[in-house]
Every structure is written in C-alpha cells, then in structure tokens.
Protein chains: 2
Amino acid sequence: MQNSSVEHGPGPSVPAGALTTGTMYAPTCRGREVLDRVGDKWSLQVLAVLADRTMRFGELRRTIDGISQRMLTVTLRTLERDGIVIRTMYPVMPPHVEYALTPLGKTLLEAASAFIIWAEAHVDLIEEARADYDARAADEAGPEGFRTS
Amino acid sequence: MQNSSVEHGPGPSVPAGALTTGTMYAPTCRGREVLDRVGDKWSLQVLAVLADRTMRFGELRRTIDGISQRMLTVTLRTLERDGIVIRTMYPVMPPHVEYALTPLGKTLLEAASAFIIWAEAHVDLIEEARADYDARAADEAGPEGFRTS
DNA sequence: CAGTATCCCAGTAGATACTG
DNA sequence: CAGTATCTACTGGGATACTG
C-alpha cells in the first residue's frame, strides 16, 4: 500500500514543508497491522485486565464478562502468538493454565494507556457532539413542509 | 456490556511495584465504544493525514489510497458526528469541501500517537514472535516421522 | 468535485455442543 | 478446568453505478 499516484498534476499542491506536525504518525506502513490486531474488540480488554495480575482462563472469562469462550481463546492465542501475553500450562488434573503479560505486552499497555484514558475522559464530549450533530441533521431534514399553519 | 464485577475477590492483587500499570485503564466502561469507533480500519489513518493540514475529499482519497469512496465518506461522517473532524463546504461550482481536525481531534491524535508509534516501533518484534510461535507450533505438530533425509 | 445508493461477499463473533 | 469444533447471523467494507 503506497501512494503510487500522488500525481494529480504538476501542481505545487504540497508545499514541501507541510509535513511538519504529523508525519510522525501516518500509520501508512506496517504499523497498521499491529493496530488492527490490538484494536479489535477484546485485545485491549484482556491486556488491561492482565495489567493487574496473572490470571487463569476462567478468571479472565468471568472478569471480562461479555466475552465468549471462543473469543477469549482466539484473542489469547493471537496475543500469545504476537508475544504480548505468555501462557503457562501446568499439566495437572484438572488443567491449570495461567496468562500473563510479557515485557512487550507491558510496554504496549503503557503506550496504549494514554489512548484509553483519553477515550474514557472524552466519551461525554463525544456523545454530546453526536447529539448536536443528530439534532442539526434532523433540523435540515425535518422542516419538510410542516408549515401546518 | 459492563463489568459488573471488577472485584473477583478480596484481592490485594496489585503487589508493590507492579509498575505504573494498575487498574487505571480497564476499558470496562464506556470508553470502549470510543475505542471501537476510532479503532476501525480507517479512522486513525484519516486522523493522521489530517494532522498535517486541512484537506479536500479528493485529496484524502488519493493520499490514503486504498480507501474506497464509500468508506472515506462513512469514516468522515462518523468522525464529524463525533466532533473529531470538521467539514467546511463552500457552495460553489464545482463543490469544494474541506476537512480539518477539531481541537478535540487534535487531542485524540496526540493521545493515540504513543500507541501508533509503539506499533510501528515493535512491528518487527511482533512478526518475529509470530514466526517463533508458528515454528514451535509446527514443531509440535510436525515431527510426524518426516525425517526424510 | 463530492458525494449517495445498491449489491454482495468475506470475515468476525455469538451460541451451542463436545473433549482431554 | 480449559479448551476445540461447528454452525450461523451479522456486518464491515469493496465494487459499481448514478447525481447535484
């Protein structure tokens, strides 16, 4: 995925130095796939819960509550594969398995924390914005010959 | 979808220096929906691109490249609704529309930047971990008498 | 130029049932 | 307990065609 066609003419549309602010982000490259990975419905949840302590499968299932058995398994497997959590199995009866964050997982959680905190801090503002937007939208679509009088 | 029981017991679960990682995150609440929103396939991309400067619809389309017309529209609408980008239309012929980050959008991008940067910085490590994992998985399933040589 | 409207498929997640 | 297997429903998103 690259910008093969920036050629919208010989125009000086990009003043060469316009890339001051951003540029650093621009998940145009492979970082995307990591974001996709961790940006799914459950990964961050699992991460956040494991931040506190090591947990067993059943504990995670009960703690996260809302997650299905299958999705917990899938999520944990992927995180394990990515080196973000580590799975320790004790071959006893009944089985005992523990999940913990790896050092990599901890750095991830740290990096994501600002994001998570932002989300929680601004959720109200966003919902307000939505209400506003919807109200305005209704305003534009609403006055459809309702001049009853 | 709430975490009815963050308490799974009388846990002094966080030992002494479990690093800064404590209970502070836990996207258990409404922050989740915000994360879902921005965590989709295109939002962060759009945000990152708009970090540089205001852009027109077509510019975004060409810059992000890979995004379809439909998804750009959908993404922009949602971001606008959430108060993260602002849409300015100049009713001329042909139409001229510009998109920019709102102040809220800028704070979001800032919050997300650590995350994005982490992703780009660790993508190699992660892919390595994956290769390892796959190799080990193949090892466990593979040794089926395939000692050909 | 900047969209909207449809159609449609692939992938994702939920529920359920079974197992070492 | 800690999974795997399967079946299905839902939806995100691409392709395409049309419009003010």
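Nothing here was measured: the structure is a model prediction, and the numbers come from that model.
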Whole-Å distance separating the CD1 atom of Ile64(B) from the C1' atom of dG13(D)
15 Å

Please determine, for the side chain of Gln69(B), which listed nucleotide (dG3(D), dG3(C), dG14(D)) has the closest atom?
dG3(C)

Carboxylate-amine/guanidinium proximity below 4.0 Å for Glu127(A) and Arg37(B)
no

Quick one: label Tyr99(B) by what it contacts on the DNA or RNA (base, sugar-phosphate, nothing), any heavy atom closer than 4.0 Å.
sugar-phosphate

Between dC1(C) and Arg61(B), is there an OP1 or OP2 to side-chain N/O distance shorter than 4.0 Å?
no

When both hydrogen-bonding distances must be under 3.5 Å and the geometry is Watson-Crick or G-U wobble, what is dG20(C) paired with, if anything?
dC1(D)

At 4.0 Å (heavy atoms only), tell me whether Arg56(A) reaches a base, stays on the sugar-phosphate, or touches nothing.
sugar-phosphate

Side chain of Trp42(A) only, heavy atoms from C-beta on: which candidate in dG14(C), dG3(D), dA2(C) is closest?
dG14(C)

Between Glu59(A) and Arg53(A) (salt bridge meaning N to carboxylate O under 4.0 Å), is one present in this structure?
yes

For the pair Lys41(A) and Arg32(B), evaluate side-chain contact (heavy atoms from CB on, under 4.5 Å) and give the outcome as yes or no after the intermediate values.
CA-CA 9 Å; Lys41(A) 194 174 180 184; Arg32(B) 273 269 353 129; 4.3 Å; yes

Find which nucleotide of DNA chain C each of His96(B) and Pro94(A) is nearest to by heavy atoms, and output the residue with the more 5' nucleotide.
His96(B)

One thing to verify: whether Arg81(A) and Asp132(B) come together as a salt bridge, which I'm taking to mean a side-chain N less than 4.0 angstrom from a carboxylate O.
no

Write down the distance between CZ (Arg77(B)) and P (dG12(D)), rounded to a whole number of angstrom.
18 Å

In whole angstrom, what separates Met55(B)'s CE from dA2(C)'s P?
12 Å

Angle between ring planes, Phe57(B) versus Tyr99(B), binned at 30° and 60°: parallel, tilted or perpendicular?
tilted

Just how far, in rounded Å, is P of dG3(D) from OH of Tyr90(A)?
13 Å

Could you give the CZ-to-P distance, from Arg37(B) to dT11(D), as a whole number of Å?
14 Å

Rounded interatomic separation in angstrom, taking CD from Glu59(B) and P from dG3(C)
13 Å

Should Arg70(A) be listed as having a side-chain N or O under 4.0 Å from OP1 or OP2 of dT16(C)?
no

Considering only dA2(C), dA2(D), dG14(D), which nucleotide approaches the side chain of Lys41(B) most closely?
dG14(D)

Atom CG of Asp40(A) and atom P of dG11(C) are separated, to the nearest Å, by 16 Å

Identify which nucleotide among dT4(C), dA2(C), dG13(D) has an atom closest to any side-chain atom of Phe57(B), counting heavy atoms from C-beta outward.
dA2(C)

Nearest-angstrom distance from the residue atom CE of Met71(A) to C1' of dC10(D)
14 Å

